[in-house]
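To keep things clear, I will list the structure first and then write my remarks on it.
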Amino acid sequence: LEIVIIGGGISGLSTAYYLEKEAARHNLAIHTTVLEKEATLGGKIATQRQDGFIFEGGPESLVTRKPEAWELCHELELQNRLVGTSQSGKNYVLHNGRPAIVPDGPGSFLSTPLLSLSGKLRLLKEPFVSPRTDPSDESLGSFLRRRLGDEMVDNIVKPAIGSVYLGDVDEMSVQVSFGRFAEMEQQHGSVVKGMFAMMKEKRAERKATGAPRPPKKPAFATLQNGLMELINRLAEQIEGEILRETAVTNLSHNPTNAQLYKVELSDGRLLNADMVILTTPTFVMADLLAGVVETAVTDQLRAIPYNPVTTVNMAFNRSDIENPFDGFGVVVPESETSQLLAVEGMSAKFPHRAPDDQFVLRAFVGGQKQPQLADLPEAELISLVRQELTSIFGITAEPTQIHIQRWLPANPQPPVGHLAMIAEVERKLAKQLPQLYLTGAGLRGQGIPDCIRQSRNLVEQIMTDLQPVAALS
């Protein structure tokens, strides 16, 4: 079977990796070709090493509570390359122009200036708030406001979510962004009750099996030379072809041919394929499928909004900074005048990424509310970030290094009803274009572990679909 995978980011590479692995296990002969239009693989994973620094232009770590990326690193024998956060990490919210620490326990919630007394009392009511009985999708904002109250959402949760997802919690689908919380409400009537039930189940399971408590994982992890290590190791493991700087200029379907698809490439080559897997942003999927599938499908894929962001890494001499920021990050609520979305304390999170005498912060500019800022000319962008770092942290020193990465557009913003829409698109494609599949950040979750999970699930589906073929081979 000739399988063409369009897109060489984490979704495309992990799909190729798992496909080859499962095909070998089922004695199914396949040949994969991964197509990537850029010169480098990785998609939004963009590590730059220079002068002793490791700068990440996109995601800078793996969230370990979602296990897929952590497990894949171990499977690829990268476990000795994993670097966890050196401390539990403090998170901050900008409050009246200054960083205020985010409460992380009952005592700190009672003393935080981020919530009024009524806001604190409202938060304590969460276990007693009646659950929503309608299982249909709703916005993340609607879900959180029902469970936690407006103040908690507007002052703490909304800026934190906005800095990660670049969108508005009142428009985002809860099923895509925090589906586990929605499940807890449905099953246990409360997020807090659901968390306690989950911990109780894990303790009971360990007791029943006699299994020891697993070693505690750090909340965040990276690889010693940056997340491109994961991309490079995946690429090394793939036995098929990987074509860089190769765009798809046309995709066509001929149901009467033995091989269903023709993929025309920017270098003039023509690939015949039995199966095509699209792992690109959804608006690129729409472009590739234009003229191949009904317009309603491409319109649905193209309608998924994406917001832009630019990341600006700035390094300073430690000796020039009186009080270096000790937190993992500070997020900016809409009520603040700052033009940044957030600032990450890269040196606090992973000190190994810079020489000992250097201190690195990473600013986020753009997002849904101020998309035009992501496309500012370089000099204006640097000036804006420096002004904000002076205002927030009192840093007036000249930076020693600056690394800018623009994502125009960047992250998908799955609206309410997104999962139902994606399921409908996939049903239509299955009828009209057999053995054409979709996966990636724009479908069912955009983090690195989410993309890997979707690739694994897709490969399971593909192997089920191919069982008759495997039986004949």
Side-chain angles (χ1 to χ4, degrees), residues 1-37 41-43 45 67-78 230-244 246 248 251 253 258-263 265 271-282 284-285 288-289 422 425-426 429-430 433-445 447-473:
L1 287 174
E2 288 289 338
I3 301 176
V4 171
I5 300 169
I6 302 176
I10 185 66
S11 295
L13 294 174
S14 56
T15 297
Y17 169 76
Y18 288 121
L19 261 177
E20 291 181 349
K21 183 178 176 181
E22 286 302 299
R25 194 167 70 87
H26 288 82
N27 295 315
L28 180 64
I30 68 168
H31 177 262
T32 60
T33 303
V34 178
L35 304 175
E36 172 52 54
K37 70 173 184 178
L41 300 171
I45 295 176
E68 292 83 3
W70 179 266
E71 292 170 355
L72 180 58
C73 286
H74 282 72
E75 192 173 321
L76 296 172
E77 298 184 348
L78 289 170
L230 174 57
I231 296 299
N232 293 336
R233 180 61 63 88
L234 268 176
E236 290 169 4
Q237 295 296 310
I238 293 169
E239 296 178 359
E241 290 183 90
I242 300 176
L243 304 180
R244 298 167 176 83
T246 306
V248 176
L251 172 66
H253 171 234
Q259 290 183 305
L260 292 172
Y261 298 97
K262 291 187 183 297
V263 185
L265 308 181
L271 301 181
N272 292 309
D274 301 288
M275 180 185 300
V276 171
I277 302 170
L278 308 183
T279 73
T280 63
T282 55
V284 178
M285 293 178 182
L288 292 169
L289 292 171
I422 291 297
V425 165
E426 289 174 332
L429 287 176
L433 300 175
Q435 293 188 191
L436 184 140
Y437 299 91
L438 311 179
T439 190
L443 272 68
R444 295 179 173 88
I448 294 173
D450 296 306
C451 291
I452 294 169
R453 168 182 50 79
Q454 291 178 82
S455 295
R456 286 198 326 203
N457 291 345
L458 176 64
V459 168
E460 288 180 9
Q461 178 190 338
I462 289 172
M463 297 312 298
T464 299
D465 293 346
L466 289 179
Q467 278 182 355
V469 177
L472 293 174
S473 61

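Remark: L78 CG to L72 CG distance equals 8.0 Å, nearest 0.5 Å. How far CD1 of I277 is from CG of L35: 11.5 Å, rounded to the nearest 0.5 Å. In this structure, CG in L13 is found 11.5 Å from CD in Q237, a value given to the nearest 0.5 Å. If you take CD on E2 and CG on N272, they are separated by 8.5 Å, rounding to the nearest 0.5 Å. A distance of 11.5 Å separates CG of L438 from OG of S11, quoted to the nearest 0.5 Å. To the nearest 0.5 Å, atom CD of residue E426 and atom CG of residue L433 are 12.5 Å apart.
By the 6.0 Å contact criterion, CD on E236 is enclosed, its count of non-hydrogen atoms from other residues, nucleotides or ligands being greater than 12.
Without hydrogens or angle criteria, T246 side chain to E36 main chain gives no donor-acceptor distance under 3.5 Å. Side chain of R444 to backbone of R453: no donor-acceptor contact under 3.5 angstrom is found. Of the possible donor and acceptor atoms, none in the side chain of E241 sits under 3.5 Å from a partner among the backbone N and O of T33.
Scored by the salt bridge (charged side-chain N to carboxylate O under 4.0 Å, His left out) test, E71 finds R456 as partners (sequence neighbours excluded).
Side-chain contact of E20 with T32: a donor-acceptor pair under 3.5 Å is present, judged by distance alone.
Each of R233, E75, E22, E239 was checked for a side-chain hydrogen bond (donor to acceptor under 3.5 Å, both in side chains) with Y17, and the lone residue meeting it is E75.
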